[in-house]
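Predicted, not measured: the structure shown is a model, and the values here were computed from it. Below, chains carry the letters A, B, ... as their sequence lines are ordered, and counting in each starts from 1.
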Amino acid sequence: GAVVSQHPSRVICKSGTSVKIECRSLDFQATTMFWYRQFPKQSLMLMATSNEGSKATYEQGVEKDKFLINHASLTLSTLTVTSAHPEDSSFYICSAEQGPDNEQFFGPGTRLTVL
Amino acid sequence: GESVGLHLPTLSVQEGDNSIINCAYSNSASDYFIWYKQESGKGPQFIIDIRSNMDKRQGQRVTVLLNKTVKHLSLQIAATQPGDSAVYFCARGGAGNMLTFGGGTRLMVKP
């Protein structure tokens, strides 16, 4: 149980284009999901908290107009990187809360490469 | 500001030996800590957690120790196996269940 998937697993795009990444909780419902970014050989940095049916809460320094988050259902949150640039190339990881202790279960990550 | 950091970026151990990965934290209000394992190209995998009202917690081949006096957390892996090779992160649970991750330690297991 408590499986989280992400799609796509890898994406390569041209600079200036937008990329959508999906995060799904496969066997449970998640009111809250989190989006993280991880640069090579670095730790995970929280970008935003995604709440079903309401606006996401962004961490300081994360541009909400560039990283659009939509949590339209209890099993799906999407992160759209708008007008992507090479510096946005990173490993994007989502997590979903589940259970009485609100444990976070992580997705497998999406590798974004912007050329 | 608050931070969660690690002492050693890389740890190399012989297969069968025990491994100890350390983590320091600065926020005294921290009440929940988690250890994650991340293999290359994958998301973090939960290993074990501990709350601040505990000093020690054991799982299968893993033990987490929490020393609140010196704000230190450690993960002990018994009889380390090649499959344990990965990057290990400590994380602190905070307000709104947000996690703050430490810098990570790469564990390399030599056969």
message: So which atom in A:Ile93 and which in A:Gly107 form the shortest heavy-atom distance, rounded to 0.1 Å?
response: CG2-O, 3.8 Å
field: Pairing residues for B:Lys71 by the salt bridge (charged side-chain N to carboxylate O under 4.0 Å, His left out) criterion, not counting sequence neighbours
entry: none
- request: Counting only heavy atoms closer than 4.5 Å, note whether B:Ile34 contacts chain A via side chain, backbone, both or neither.
  value: neither
task: Taking all non-hydrogen atoms of both residues into account, name the closest pair between B:Leu73 and B:Cys90 and its distance.
output: CD2-CB, 3.9 Å
- prompt: Does any heavy atom of chain B fall under 4.5 Å from the side chain of A:Leu44, the backbone, both, or neither of them?
  reply: both
message: Are more than 12 heavy atoms, taken from residues, nucleotides or ligands other than B:Gln14, located less than 6.0 Å from that residue's CD atom?
response: yes
message: Are there over 12 heavy-atom neighbours, none belonging to B:Met54, within less than 6.0 Å of that residue's CE?
response: yes
query: Taking B:Thr63 for the side chain and B:Gln58 for the main chain, is one N or O donor matched with an acceptor at less than 3.5 Å?
result: no
- prompt: Looking only at atom types and distance, does a side-chain atom of B:Asn18 sit under 3.5 Å from a main-chain N or O of B:Ala79, one as donor and one as acceptor?
  reply: yes
Which donor-acceptor pairs fall under 3.5 Å between chain B and chain A:
| residue | atom | partner | partner atom | Å |
| --- | --- | --- | --- | --- |
| B:Gln38 | OE1 | A:Gln38 | NE2 | 2.9 |
| B:Gln38 | NE2 | A:Gln38 | OE1 | 2.9 |
| B:Gly43 | N | A:Pro108 | O | 3.4 |
| B:Asn97 | O | A:Gln104 | NE2 | 2.8 |
| B:Asn97 | ND2 | A:Glu97 | OE2 | 2.5 |
| B:Asn97 | ND2 | A:Asn102 | O | 2.5 |
| B:Gly102 | O | A:Ser43 | OG | 2.4 |

